[in-house]
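For reference, the structure discussed in these notes is given below.
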Amino acid sequence: MTSRVPAAEQTLAVLRYLSRQAGPVPAAAVAREAGLPRSTAYHLLNVLVENGFVVHLPEERRYGLGVAAFELGSAYARQAPLARLARPVLARLVDRVGESAHLAVLHGREVLYVVEDRAAGRPPLVTDVGVRLPAHLTASGRAMLADLPAAQVRALFPDRSAFVDRTGIGPSGLPDLRRVLAEVRRRGHAVEDGEVGAGLASVAAAVHDHTGHPVAGVAVTYPTDPGAPPARPVADHDTLVTAVRATAAELTRRLGGVPPR
């Protein structure tokens, strides 16, 4: 059974609304968008101001996030809960499919790898913790980009200069990328084959937060030539897809996330 604490839910609704705004907003807007009576909104805002989570700008009659909210965000980054939650889940994925797996997050037009779990006896990879790669070429990046609003993708890739190339294949413009992302949404997972490194392919799925926003991508990378040393059969594609999607869904649940609408 889900516990209900109305005061806590109302407070979180206020903070979530403020966090989505480009700048401070009037109390009336907070009340309206959070679905609160105006008197309740003012009371909650005053309490949040007293505790540093909200700042009041009296001359403008507006409210915005305060220093305490920033400190919460900084604490989240320090504790790295996403990486901590992902490590055991990725380890089970590697054990299941026998191939290397990793977790990446979007950083502008790039993906940043935050967790890597190498399978024993598999080929070396381009990816490693701290490495950045072009998001439009990687399976992880495509899995996340596919669930972003079209306007955000367009802002990230405004012209052809945004489309760097590694191996001579992959999207070279926004129309190409849109077709790739539409296919990702249709399938429910992303793939790349030889676009990051020759002889290697990847399957990925997105991890989502409580709003359905893609916060990470889980991927498995495998050699496309199973006869190349060290020779070993590669798990079939459907098995990899099923395992990766299940892992992404498990991480989404662990984060309290939901699939995109």
Side-chain angles (χ1 to χ4, degrees), residues 86 89-90 93-94 96-106 109-119 122-128 131-148 150 153 156-157 163-208 214-228 232-252 259-260:
V89 181
L90 283 187
L93 174 61
V94 171
R96 177 177 176 182
V97 301
E99 301 293 344
S100 299
H102 46 254
L103 183 84
V105 297
L106 270 181
R109 289 195 292 264
E110 298 178 316
V111 292
L112 171 66
Y113 293 90
V114 294
V115 180
E116 185 94 3
D117 195 317
R118 301 287 178 95
R122 301 317 278 155
L125 304 179
V126 175
T127 59
D128 203 348
V131 167
R132 299 171 189 265
L133 289 173
H136 69 286
L137 296 179
T138 67
S140 297
R142 292 171 179 177
M144 291 181 278
L145 291 171
D147 288 336
L148 292 181
V153 175
L156 288 171
F157 299 92
F163 291 85
V164 300
D165 170 50
R166 285 182 59 90
T167 63
I169 54 177
S172 58
L174 189 56
D176 293 341
L177 180 60
R178 284 174 173 157
R179 284 191 288 271
V180 169
L181 299 184
E183 185 65 14
V184 172
R185 288 188 290 271
R186 186 189 69 78
R187 287 189 304 241
H189 66 274
V191 298
E192 69 85 13
D193 188 348
E195 293 162 78
V196 175
L200 294 171
S202 297
V203 173
V207 178
H208 300 91
V215 293
V218 173
V220 164
T221 298
Y222 58 95
T224 52
D225 179 7
R232 192 177 81 191
V234 176
D236 70 83
H237 184 76
D238 289 345
T239 297
L240 292 177
V241 168
T242 299
V244 167
R245 292 182 62 171
T247 300
E250 181 179 351
L251 263 178
T252 295

Step by step, would you call Val111 with Val105 a side chain to side chain contact (heavy atoms under 4.5 Å, CB included)?
-> CA-CA 5 Å; Val111 292; Val105 297; over 6 Å; no
Exercise answer: donor-acceptor pairs, residues 242-249 side-chain atoms, under 3.5 Å, sequence neighbours excluded:
unit_1 : atom_1 : unit_2 : atom_2 : d
Thr242 : OG1    : Asp238 : O      : 2.9
Arg245 : NH1    : Arg187 : O      : 3.2
Thr247 : OG1    : Ala243 : O      : 2.9

Going by distance alone, is a donor N or O of one side chain under 3.5 Å from an acceptor N or O of the other, for Thr221 and Ser100?
->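 The criterion, which ignores hydrogens and geometry beyond distance, is not satisfied for Ser100 and Thr221.
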Derivation of the side chain to side chain contact (heavy atoms under 4.5 Å, CB included) call for Asp193 and Leu200 | CA-CA 6 Å; Asp193 188 348; Leu200 294 171; over 6 Å; no
Pick out which of Glu99, Arg142, Glu192 makes a side chain to side chain contact (heavy atoms under 4.5 Å, CB included) with Ser202.
->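 With Ser202 as partner, Glu99, Arg142, Glu192 yield a single side chain to side chain contact (heavy atoms under 4.5 Å, CB included), made by Glu192.
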Heavy-atom pair with the smallest gap, counting every atom of [X] and [Y]:
| X | Y | answer |
| --- | --- | --- |
| Ala143 | Val184 | CA-CG1, 4.2 Å |
| Val115 | Ala86 | CG2-CB, 4.4 Å |
| Val203 | His237 | CG2-CE1, 3.6 Å |
| Ser140 | Gly217 | OG-O, 3.9 Å |
| Pro171 | Phe163 | O-CD2, 3.6 Å |
| Leu137 | Gly170 | CD2-CA, 4.0 Å |

Would you say [X] and [Y] make side-chain contact, with heavy atoms under 4.5 Å?
| X | Y | value |
| --- | --- | --- |
| Leu145 | Leu106 | yes |
| Val131 | Leu133 | yes |
| Leu103 | Val89 | no |

When you check the gap from the basic side-chain N to the acidic O, do Arg185 and Glu183 get nearer than 4.0 Å?
->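 Looking at Arg185 and Glu183, the cut-off is not met.
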Measuring from atom [atom1] of [X] to atom [atom2] of [Y], what distance do you get when rounded to the nearest 0.5 angstrom?
| X | Y | atom1 | atom2 | answer |
| --- | --- | --- | --- | --- |
| Leu93 | His102 | CG | NE2 | 10.0 Å |
| Leu251 | Leu90 | CG | CG | 6.5 Å |
| Leu181 | His136 | CG | NE2 | 11.0 Å |
| Leu174 | Arg179 | CG | CZ | 10.0 Å |

Worked check of side chain to side chain contact (heavy atoms under 4.5 Å, CB included) between Val153 and Leu177 = CA-CA 9 Å; Val153 175; Leu177 180 60; 4.0 Å; yes
Residue list, side chain to side chain donor-acceptor pair (under 3.5 Å) with His208, at least two apart or on another chain =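 Checked His208 against side chain to side chain donor-acceptor pair (under 3.5 Å); matches are Asp147.
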Decide side chain to side chain contact (heavy atoms under 4.5 Å, CB included) for Tyr113 and Thr138; before the verdict, give the C-alpha distance in whole Å, the side-chain angles of both, and the deciding distance to 0.1 Å.
-> CA-CA 11 Å; Tyr113 293 90; Thr138 67; 3.6 Å; yes
